[in-house]
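Residue numbers run from 1 in the order of the sequence given.
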Amino acid sequence: MQNRYVGDIGDYAKYSLLRALSDGLKLGVSWYLYPDETNGDGGHVGYLLRPDKWRQPDSETFDTLRMIVGDFLHEKQDRGVAAIEESDLLPGATFWSRLLIREGRGGRAQARWRSEWFEDSMTCLGDCNIVFADPDNGLREREKLKPGLRKSGKSICEEEALSLADSDRPVIVYHHNTMFRGGHSAEVKYWQRRLGIGTSAVRWRPVSPRTFFILNCTDELRQRAEQWCEKWNRPKQVYFQDYPVEFDECG
């Protein structure tokens, strides 16, 4: 996550889904906060000017984000995760907001910083019974993640995701879909297999495809996720993808 993404169209989906899944639960949010870059990403806020098209699925989330982005455009406040934390979008949530990247350091020092950062995040979110992890890019295989590299701060290692989900705690992980061989459906199944039995997924495809993986997905969360997808009512654009039965059949 980068502060400049707050209010982007992907944020709309994210907070709307989190509100639906965490209702009545103690939510913890690990931002996986990465320093703002200077490219053109994070500029998809035009949907906020189209309430006729976008407000209906979740008017409360839409209105809150429109206020936050509007205040930013009028220089009333900074656009960033602090605005989300101070709003009522995720009431009662615990937030882990420390930067994952330590400025001016790399190599072993950065790797050590990340390890300490993650352990501290586990302590901060220890009493939460559902957790959301929000890396900039998404999941990365444990054998490919190089924690000493700055760019690795844009990913969550699958080992970290599994640690957050220890003791059967439900964990939602953001993943920005890639140019995966076989397409996005194959990519989702790939990560479901790696993350283990009970990992469901919500796929959200408008503008820029992304997936929210739900580790330790309970029957209640599955029902909430399916209802949320139906509420958005965008055939073949927003839908639930359960853990594939064929994984159990073939071992």
Ignoring hydrogens, what is the shortest heavy-atom contact between [X] and [Y]? Give both atom names and the distance.
X	Y	result
Ile84	Ser87	O-OG, 2.8 Å
Cys157	Leu145	CB-CD2, 3.4 Å
Pro170	Leu221	CB-CD1, 3.5 Å
Ala225	Leu21	N-CD2, 3.8 Å
Gln110	Pro147	CG-O, 3.5 Å
Leu195	Ala161	CD2-CB, 4.4 Å

Check whether any side-chain N or O of [X] sits under 3.5 Å from a backbone N or O of [Y] as a donor-acceptor pair, and report yes or no.
X	Y	value
Arg224	Asp23	yes
Tyr12	Asp58	yes
Ser59	Arg55	no
Asn177	Arg210	yes
Asp88	Pro91	no
His184	Thr178	yes
Ser115	Ala111	no
Lys231	Pro57	yes
Ser22	Leu25	no
Arg114	Ser152	yes

Would you indicate whether the side-chain heavy atoms of [Y] and [X] approach each other to under 4.5 Å?
X	Y	result
Asp11	Met1	yes
Val29	Trp96	no
Val171	Leu162	no
Phe240	Ser200	yes
Val45	Ile9	no
Leu100	Phe118	no
Leu99	Pro35	yes
Leu139	Phe213	yes

Asp166/Met122 under side-chain contact (heavy atoms from CB on, under 4.5 Å): CA gap, chis, key distance, verdict: CA-CA 11 Å; Asp166 192 25; Met122 291 281 285; 5.7 Å; no
CA sep, side-chain torsions, deciding dist, call: Trp228, Ser16, side-chain hydrogen bond (donor to acceptor under 3.5 Å, both in side chains): CA-CA 8 Å; Trp228 182 84; Ser16 178; 2.8 Å; yes
Cluster check Phe180, Val188: I/L/V/M/F/W/Y, side chain < 4.5 angstrom: yes
Same cluster for Leu90 and Val6 if Ile/Leu/Val/Met/Phe/Trp/Tyr side chains link at under 4.5 Å? yes
At what distance, to the nearest 0.5 angstrom, does [atom1] of [X] lie from [atom2] of [Y]?
X	Y	atom1	atom2	result
Lys14	Phe132	NZ	CZ	5.0 Å
Thr211	Arg203	OG1	CZ	5.5 Å
Leu49	Arg66	CG	CZ	6.0 Å
Leu125	Leu164	CG	CG	7.0 Å
Leu18	Tyr174	CG	OH	12.5 Å
Ile130	Thr218	CD1	OG1	7.5 Å

side-chain contact (heavy atoms from CB on, under 4.5 Å) between Trp113 and Arg98, intermediate numbers included: CA-CA 11 Å; Trp113 170 265; Arg98 186 188 301 172; 3.8 Å; yes
One pair to check against salt bridge (Lys or Arg N to Asp or Glu O under 4.0 Å): Arg19 and Glu60. What are the steps and the verdict? CA-CA 10 Å; Arg19 286 163 58 85; Glu60 188 172 349; 3.0 Å; yes
Are Glu160 and Arg142 within salt-bridge range, i.e. N to O under 4.0 Å? no
Qualifying residues under side chain to side chain contact (heavy atoms under 4.5 Å, CB included), relative to Glu143, sequence neighbours excluded: Glu141, Glu158, Arg194
Take atom NZ of Lys26 as the centre, draw a 6.0 Å sphere, and report whether it contains more than 12 heavy atoms from other residues, nucleotides or ligands. yes
Within 6.0 angstrom of Glu220 CD, more than 12 heavy atoms from elsewhere: yes
Taking atom types as modelled, is there a side-chain donor on [X] or [Y] under 3.5 Å from an acceptor on the other?
X	Y	value
Gln2	Tyr32	no
Ser155	Asn137	no
Thr199	Trp191	no

Sequence neighbours left out, what passes ring-ring contact (aromatic ring centres under 6.0 Å, His included) with Phe95? Give chain and number order. Trp31
For Gln56 and Trp54, what are the C-alpha separation, side-chain angles and deciding distance, and is it a side-chain contact (heavy atoms from CB on, under 4.5 Å)? CA-CA 6 Å; Gln56 186 275 330; Trp54 289 104; over 6 Å; no
Chi angles and distances behind the side-chain contact (heavy atoms from CB on, under 4.5 Å) call for Val131, Arg169: CA-CA 8 Å; Val131 169; Arg169 177 168 66 176; 3.5 Å; yes
